[in-house]
Amino acid sequence: MPAHALLPAVNRLLKQVEETSGLPVAVAQQSDLSTLATLRPATPEYQAHLIAYRDADEASSYHVAFEAALLLRIVQVPAEQRVNLTEKREAKERVVSQVEKLFKGRLGLAQARQAGLRFYDGLMVQLRSMGPGLWADRWLFEQVPELRGLQAAVLQSQVQQNVPCLNAEVDKMSPAEVVKASPGDERRLRLPGRRAGGHPAAGDPVPGSRV
């Protein structure tokens, strides 16, 4: 689905981002993305914003709109005031170590470590994207009413995909320290689901990309 096939409301939103930032927004399909969509804001070296999406289907119009809403939010904040959550080595190793213990005796050392690294990366993506993602969905509902029908379908699909995360057995698959971090919401954060964001091909994840 090339950019010109996006819904008119989405193209208007992309134009708003371009007018606000003074830079072009490139939209491209990348079938090898690990997430449904992601964004890469412009940098001094690359003077264009990039929104990539994975699937060439109708829902991609909403995924692109979601990333565009997040991008608009970013460019409206002065660069010196922008904040991005970054990892700390000791925290990463603590999480990885706990996952390794969970799989001790069931996986080899190398496999257990890879499982821990994947868990940590997914957790960081969720922490970066959950808050901004909730904001983006609400903003689109209020500001782009033409997308409400598509939004409802996309979010309902994601809710159904996340139902297994509510199973109490999921707690046994996650480090206790992570489970205790936020009893009310943690299961929604631990497994790929409602929102994850971003694994851009060039650079660290940015807030709001989604799986």
Side-chain angles (χ1 to χ4, degrees), residues 29-41 43 50-55 59 63 66-67 70 74 82-137 154-211:
Q29 183 189 7
Q30 292 182 209
S31 58
D32 60 345
L33 279 181
S34 59
T35 58
L36 289 171
T38 189
L39 69 88
R40 184 183 66 187
T43 65
L50 173 64
I51 294 177
Y53 61 92
R54 189 180 67 199
D55 304 320
H63 300 317
F66 175 88
E67 302 298 339
L70 290 170
I74 291 171
R82 296 173 193 169
V83 177
N84 192 18
L85 184 65
T86 57
E87 64 182 48
K88 289 187 176 181
R89 181 176 180 82
E90 63 177 73
K92 180 176 184 176
E93 288 303 320
R94 187 166 70 247
V95 171
V96 171
S97 175
Q98 290 182 7
V99 173
E100 289 175 328
K101 290 178 182 177
L102 284 173
F103 290 102
K104 187 176 181 179
R106 291 186 287 169
L107 293 176
L109 293 178
Q111 289 178 305
R113 180 161 183 81
Q114 284 302 311
L117 291 171
R118 286 196 300 271
F119 183 95
Y120 180 83
D121 289 344
L123 185 62
M124 287 296 293
V125 166
Q126 295 284 12
L127 290 173
R128 287 186 177 109
S129 61
M130 179 67 78
L134 293 174
W135 172 89
D137 284 327
V154 168
L155 298 188
Q156 182 60 36
S157 174
Q158 292 182 344
V159 167
Q160 293 303 317
Q161 292 171 12
N162 279 325
V163 168
C165 298
L166 300 176
N167 191 317
E169 291 298 310
V170 173
D171 288 348
K172 299 177 182 178
M173 300 163 56
S174 305
E177 196 169 335
V178 174
V179 174
K180 294 176 182 178
S182 180
D185 297 319
E186 189 51 45
R187 280 182 228 149
R188 286 176 293 175
L189 292 172
R190 273 183 275 119
L191 296 181
R194 170 74 188 89
R195 190 86 62 226
H199 296 282
D204 292 333
V206 296
S209 306
R210 64 197 313 165
V211 294

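What you see below is based on every heavy atom in this structure, not just the backbone, and it leaves out hydrogens, waters and symmetry mates.
- Looking at residues two or more places apart in sequence or on another chain, you find a salt bridge (Lys or Arg N to Asp or Glu O under 4.0 Å) between K92 and E87.
- Between L36 and Q158, the closest side-chain pair of non-hydrogen atoms falls below 4.5 Å.
- Remark: E93 engages R113 in a salt bridge, criterion side-chain N to carboxylate O under 4.0 Å.
- Considering all non-hydrogen atoms of both residues, V99 and P175 come closest at CG2-CG, 3.6 Å.
- With rounding to the nearest 0.5 Å, the separation of OH in Y120 from CZ in R94 is 9.5 Å.
- Across every non-hydrogen atom of V154 and A59, the tightest pair is CG2-CB, 3.9 Å.
- Of all the heavy atoms in L33 and A37, the pair that sits closest is CD1-CA, 4.4 Å.
- Listed here is the closest heavy atom pair of I74 and R82: O-NE, 3.1 Å.
- The minimum heavy-atom distance linking F103 with A115 is given by the pair CE1-CB, 4.3 Å.
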> Would Q114 and L117 count as a side-chain contact (heavy atoms from CB on, under 4.5 Å) if you check the C-alpha gap in whole Å, the side-chain angles of each, and the deciding distance to 0.1 Å?
Replying inline: CA-CA 5 Å; Q114 284 302 311; L117 291 171; 3.8 Å; yes

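- Panel note: side chain Q29, backbone R54; a donor-acceptor pair is recorded below 3.5 Å.
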